[in-house]
Amino acid sequence: MSNGLKYLPSYFDRAAQETLVAVLGECLAKAPFYTPVMPRSGRPFTVRMSNLGQLGWVSDRAGYRYQARHPETGEPWPAIPAVVMEVWSKVSGYPHEPEACLVNHYREGAKMGLHRDEDEEDFSAPVVSISLGDTAIFRIGGTERSGKTETLKLASGDVLVMGGASRLRYHGIDRVLTGTSTLLREGGRINLTLRRVKRP
Ligand code: SIN
Ligand code: MN
């Protein structure tokens with residue numbers, strides 16, 4: 001794949017995935033998953049979310065934005081763990097740290113509509129995503145919503161980098177294939193999305 005889209009299957013082996021899950025568990029104990037709602041309509045997402053890092057991506061009736069605190073606990077987001085930061089320094093090709101790590105939790109039936117990541121100031125930094133747990137059907141199109149799309153299966157331990165000409169491509173999750181992984185005790189899928197938000 002070219003144009004700044006880098007697919008790194010099995011970036012993490014099983015042992016490394018288990019380490020990640022343990023580390024994430026500690027973070028999520030401090031910043032629990034919550035259910036965001038869509039701007040205006042207030043319709044709940046099917047995905048539950050939390051964040052790590054200085055800034056977290058949130059959605060509520062007022063809109064999409066980045067903010068420094070968990071909307072329900074009022075606490076700052078936990079720091080992005082070193083093992084996750086390391087992925088960014090190895091694969092991003094970007095010389096500054098990410099400020100945000102969105103944590104998406106897909107339970108049975110959860111999905112994410114086609115969208116672009118465009119709430120950041122600095123599109124020269126890629127988006128780096130890590131998949132854990134059940135395999136997802138990831139859909140990716142072009143930079144126009146109406147463009148043609150294709151799908152890619154994202155399995156546990158896979159890393160995907162959307163940079164360069166792919167930074168603003170439409171993407172989403174059609175569905176998660178229940179029972180395809182034994183990594184997460186409660187099943188489902190967790191996706192970590194690392195992003196640079198502010199211009200350095
Ligand atoms: C996202 O675009 O925020 C999530 C993508 C994924 O779950 O792989
Ligand atoms: Mn996205």
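As the structure lists them, so they are numbered: ligands from 1, and atoms in each ligand from 1. No hydrogens, no waters, no symmetry mates; every other heavy atom, side chains included, goes into these values.
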*Asks:* Does any non-hydrogen side-chain atom of Val159 lie less than 4.5 Å from one of Ile130?
*Replies:*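 SC-SC contact between Ile130 and Val159 confirmed.
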*Asks:* Looking only at the side chains, is there a donor atom on one of Arg65 and Gln67 sitting less than 3.5 Å from an acceptor on the other?
*Replies:*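 Per modelled atom types, Arg65 and Gln67 side chains form a pair under 3.5 Å.
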*Asks:* Which of the protein's N, O or S atoms come within less than 2.8 Å of the Mn ion (ligand 2), not counting waters?
*Replies:*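 Listed by chain and number, the atoms are His115 NE2, Asp117 OD1, His171 NE2.
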*Asks:* Which pairs pass ring pair (Phe, Tyr, Trp, His ring centres under 6.0 Å) with one or both residues in residues 14-34, sequence neighbours excluded?
*Replies:*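 As it turns out, the ring pair (Phe, Tyr, Trp, His ring centres under 6.0 Å) pairs with a partner in residues 14-34, which skip direct neighbours, are Phe33-His105, Tyr34-His70.
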*Asks:* May I ask you to say whether Arg139 pairs ionically with Asp174, meaning some side-chain N is under 4.0 Å from a carboxylate O?
*Replies:*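 Looking at Arg139 and Asp174, the cut-off is met.
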*Asks:* With heavy-atom distances below 4.5 Å as the criterion, would you say the side chains of Leu52 and Leu24 are in contact?
*Replies:*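 The answer is yes; the side chains approach within 4.5 Å.
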*Asks:* Would you verify whether the NZ or CZ of Arg189 falls within 45 degrees of the ring axis of Tyr106 while also being under 6.0 Å from that six-membered ring's centre?
*Replies:*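 Relative to the ring axis of Tyr106, which defines the angle, Arg189 lies inside both limits.
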*Asks:* Would you mind listing every ring pair (Phe, Tyr, Trp, His ring centres under 6.0 Å) that reaches into residues 181-200, with sequence neighbours excluded?
*Replies:*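 Qualifying pairs, neighbours excluded: none.
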*Asks:* Going by atom types alone, do Asp122 and His96 pair a side-chain donor with an acceptor below 3.5 Å?
*Replies:*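 No.
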*Asks:* Going by atom types only, do Asn191 and Thr193 share a side-chain donor-acceptor pair under 3.5 Å?
*Replies:*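 Note: Asn191 and Thr193 side chains meet the donor-acceptor criterion.
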*Asks:* For ligand 1, what N or O to protein N or O distances fall under 3.5 Å?
*Replies:*
| from | atom 1 | to | atom 2 | distance (Å) |
| --- | --- | --- | --- | --- |
| ligand 1 | 2 (O) | His115 | NE2 | 3.1 |
| ligand 1 | 2 (O) | His171 | NE2 | 3.0 |
| ligand 1 | 3 (O) | Asn104 | ND2 | 3.3 |
| ligand 1 | 7 (O) | Tyr106 | OH | 2.5 |
| ligand 1 | 7 (O) | Arg189 | NH1 | 2.8 |
| ligand 1 | 7 (O) | Asn191 | OD1 | 3.4 |
| ligand 1 | 8 (O) | Arg189 | NH1 | 3.4 |
| ligand 1 | 8 (O) | Arg189 | NH2 | 2.9 |
| ligand 1 | 8 (O) | Asn191 | ND2 | 3.3 |

